[in-house]
Amino acid sequence: MNLSTLGEFGLIARLHEKLAPRSGVQLGIGDDAAVLAPLTSPVVTCDALVEGVHFRRDWASAYSLGWKAMAVNVSDIAAMGGLPVAAFVSIGLPPDCSVEWVEELYGGMELAAATYNFTIAGGDTVKSSELMLSVTLIGNAPQPVLRSGAAPGDLLFVTGALGDSAAGLEIMLNPELSVASSNREFLLARHHEPTPRLREMQAALQVESAVRSALDLSDGLAGDAAHIARRSDVTLEIETALLPISDECRAVAAAAQRDVLEYALKGGEDYELLFCIAPDKVNEIIAAVQSTGTPLTRIGRCIEREDAPVVLVKNGVREAAPVAFTHF
Ligand code: ADP
Ligand code: MG
């Protein structure tokens with residue numbers, strides 16, 4: 001169905017029907033603004049996705065795009081030590097976009113809201129020459145975990161695996177690559193439908209005074225680690241041999257004749273969490289996080305600040321890490 005058949009308000013009404021209210025929101029879609037229940041320590045994040053820059057409609061289904069738009073914001077709230085409460089969605093729609101596509105998009109967003117227990121509580125709908133989507137997510141973090149909290153002696157840990165998302169992107173960029181179909185499916189899913197590590201962070205926070213600093217890996221480990229290093233005035237030393245890399249990711253790197261470390265260090269969009277952990281809490285943290293079913297791997301340590309914010313140790317040789325992806 002054409003957007004013009006429904007019009008702005010018809011579309012909003014139709015989307016609203018698909019969205020369930022959950023706790024923490026007293027009044028959602030339908031008034032001039034939403035009303036939230038009081039929060040102890042509100043944390044707020046927002047992320048925009050623009051067609052041609054962040055996604056392609058012929059590569060990602062509307063459903064997985066909706067999931068990802070929410071998941072990346074949940075990942076930010078998780079990294080702060082918070083729980084998500086209410087999301088606000090601004091969409092710019094070109095006239096060639098169908099009502100069904102937008103409904104599917106909201107299906108993916110609502111699945112994330114149901115999975116991570118928050119409410120899509122409002123937004124804005126406009127006509128646009130480019131398809132774009134901006135999500136603002138409000139959460140509650142009674143004790144926010146900051147990038148500035150790391151100290152020399154802390155140990156570095158990462159959840160899950162690194163590089164899968166980049167390997168998935170490689171498969172889309174080079175469709176002629178010979179990749180087993182099970183590997184292909186797994187890696188494309190990791191790219192299109194990342195899992196925000198909300199339960200893992202909540203589990204880690206159960207261990208008192210263990211998590212000194214954390215962030216989610218959206219731009220690649222090497223660049224993101226530098227954010228903690230700068231904010232905490234330390235250097236992060238990462239041993240490349242310790243990085244958790246899946247067999248699926250290694251297989252794609254081999255097929256593409258690429259160094260798998262490129263995916264793991266610079267790939268981005270893995271949405272794993274990087275933790276700086278107090279050294280005396282290591283065993284407790286591993287047990288707590290792994291009780292969620294997600295691996296937690298030690299990859300290095302924090303040391304006194306050096307010239308380079310992030311140092312890689314490869315076969316015993318130290319070198320400054322490459323810098324992160326940036327727009328512009
Ligand atoms: P106003 O003109 O007062 O800003 P709108 O007519 O834009 O309000 O929106 C009406 C209601 O629908 C509001 O509650 C708003 O938050 C919600 N809304 C509008 N667009 C979206 C959207 N794309 N997704 C979710 N909620 C939306
Ligand atoms: Mg109004």
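Remember, it's 1-based here, ligands and their atoms both numbered in the order they're listed.
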Quiz item: Numbering the atoms of ligand 1 from 1, which are under 4.0 Å from a heavy atom of Val89?
Solution: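 The atoms of ligand 1 under 4.0 Å from a heavy atom of Val89 are 22 (C), 23 (N), 24 (N).
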Practice problem: Could I get the full list of side chain to side chain contact (heavy atoms under 4.5 Å, CB included) partners for Asp233, not counting sequence neighbours? | Solution: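 With sequence neighbours excluded, Asp233 shows a side chain to side chain contact (heavy atoms under 4.5 Å, CB included) to Arg305, given in chain and number order.
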Quiz prompt | Under 3.5 Å side-chain donor-acceptor pair for Glu200 and Thr159 | solution =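 The answer is no; no qualifying pair exists.
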Practice problem: Classify the side-chain pair Ser4/Asn2 by whether it contains a donor and acceptor separated by less than 3.5 Å. | Solution: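 On atom types as modelled, these side chains qualify, holding a pair under 3.5 Å.
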Quiz item: Less than 3.5 Å between some nitrogen or oxygen of Gly30 and one of ligand 1, yes or no?
Solution: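 Such a contact does occur with ligand 1.
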Quiz prompt | Heteroatom proximity flag, Ile91 to ligand 1, N/O under 3.5 Å | solution =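 It does not: no N or O of Ile91 is found under 3.5 Å from an N or O of ligand 1.
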Quiz item: For ligand 1, is any non-hydrogen atom under 4.0 Å from Phe88's backbone (N, CA, C, O), its side chain (CB onward), both, or neither?
Solution: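 The answer is neither; Phe88 stays 4.0 Å or more away.
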Exercise. Closest by any non-hydrogen atom to atom 13 (C) of ligand 1: pick that one out of Ile12, Asp31, Ile29.
Key: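 Closest candidate by heavy-atom distance is Asp31.
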Quiz item: Is there a heavy atom of Asp32 sitting under 4.0 angstrom from any atom of ligand 1?
Solution: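 Checking ligand 1 against Asp32, which is what was asked, there is a heavy-atom contact under 4.0 Å.
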Practice problem: Let me know which of His192, His54, Glu269, Met109 forms a side chain to side chain contact (heavy atoms under 4.5 Å, CB included) with Lys68. | Solution: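 Only one option passes, and that is Glu269.
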Practice problem: Tell me, please, which residues at least two apart from Thr45 pass side-chain hydrogen bond (donor to acceptor under 3.5 Å, both in side chains). | Solution: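 For Thr45, the residues satisfying side-chain hydrogen bond (donor to acceptor under 3.5 Å, both in side chains) (neighbours in sequence not counted) are Asp76.
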